[in-house]
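Computed over heavy atoms, backbone and side chain alike; hydrogens, waters and symmetry mates excluded.
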Amino acid sequence: MAKQSKKIQHKIAPKKQETTPAPKPPGKDYVLLFVIAFTLGMSILGWGTFDNLNRGMYAMLSLSLIMTYTQRHAKLSEERLTLVSRIGLAAMILAIALFGVTLYQRYM
């Protein structure tokens with residue numbers, strides 16, 4: 001009797017299969033592209049007037065932004081995605097450190 005009732009319940013309301021939603025495609029990131037272009041433009045235009053610390057700071061900032069864009073849009077394996085995120089984080093930390101050194105030299 002229990003088997004029959006289970007069969008009837010299954011026919012009336014079958015169990016819904018759990019489906020994993022498709023991953024959302026990344027956005028266009030126009031703001032990020034603009035900031036990358038602006039940073040690279042400032043680096044190119046100011047290269048002659050920058051000292052080595054500013055050049056390094058802008059280079060690390062550009063590298064960090066490019067790695068962020070790569071991390072969001074490139075189809076990478078898990079190992080390479082980890083490498084890209086670590087490079088981006090290290091470049092951002094170096095850019096902030098160079099900015100701090102520049103401020104210290106200029107205002108202290």
Side-chain angles (χ1 to χ4, degrees):
M1 189 74 164
K3 289 182 180 180
Q4 293 297 328
S5 66
K6 285 185 180 180
K7 285 182 181 178
I8 292 172
Q9 286 177 351
H10 182 66
K11 287 182 180 178
I12 293 173
K15 293 182 181 178
K16 295 181 180 177
Q17 295 180 358
E18 294 183 22
T19 58
T20 57
K24 287 184 5 181
K28 299 296 182 195
D29 286 331
Y30 292 122
V31 174
L32 183 59
L33 288 173
F34 174 75
V35 172
I36 291 171
F38 180 75
T39 306
L40 290 174
M42 289 298 293
S43 299
I44 292 168
L45 292 174
W47 194 262
T49 59
F50 288 161
D51 61 350
N52 287 334
L53 289 175
N54 284 331
R55 289 176 185 163
M57 179 181 62
Y58 273 95
M60 290 297 111
L61 182 60
S62 298
L63 179 66
S64 174
L65 291 170
I66 290 169
M67 289 296 126
T68 301
Y69 187 81
T70 304
Q71 184 179 359
R72 289 184 181 185
H73 293 282
K75 303 221 185 303
L76 300 172
S77 66
E78 191 68 31
E79 182 179 312
R80 290 194 179 196
L81 188 63
T82 303
L83 182 65
V84 166
S85 65
R86 287 181 182 169
I87 290 171
L89 182 63
M92 181 56 68
I93 290 170
L94 283 173
I96 291 170
L98 288 172
F99 180 69
V101 170
T102 302
L103 286 178
Y104 181 77
Q105 283 184 348
R106 185 164 294 166
Y107 297 111
M108 292 295 175

Pair listing, ring pair (Phe, Tyr, Trp, His ring centres under 6.0 Å) test, anchored in residues 42-77, at least two apart: Phe50-Tyr58, Tyr69-His73
Tell me every residue that passes side-chain contact (heavy atoms from CB on, under 4.5 Å) with Thr49, counting only those two or more places apart in sequence or in another chain. none
Determine which pairs satisfy salt bridge (charged side-chain N to carboxylate O under 4.0 Å, His left out) with at least one residue from residues 62-72, sequence neighbours left out, and list them in order. Asp29-Arg72
Tabulate below the donor-acceptor pairs under 3.5 Å that side-chain atoms of residues 84-108 make, not counting sequence neighbours, or state none.
{"unit_1": "Ser85", "atom_1": "OG", "unit_2": "Leu81", "atom_2": "O", "d": "3.3"}
{"unit_1": "Ser85", "atom_1": "OG", "unit_2": "Thr82", "atom_2": "O", "d": "2.8"}
{"unit_1": "Thr102", "atom_1": "OG1", "unit_2": "Leu98", "atom_2": "O", "d": "2.8"}

Summary of salt bridge (charged side-chain N to carboxylate O under 4.0 Å, His left out) pairs that have at least one residue in residues 41-65, sequence neighbours excluded: none
Distance check, rounded to the nearest 0.5 Å: Thr70 atom OG1 versus Leu63 atom CG? 9.0 Å
Which atom pairs, donor and acceptor, lie under 3.5 Å between side-chain atoms of residues 32-44 and protein residues at least two apart or in another chain?
{"unit_1": "Thr39", "atom_1": "OG1", "unit_2": "Val35", "atom_2": "O", "d": "2.7"}
{"unit_1": "Ser43", "atom_1": "OG", "unit_2": "Thr39", "atom_2": "O", "d": "2.8"}

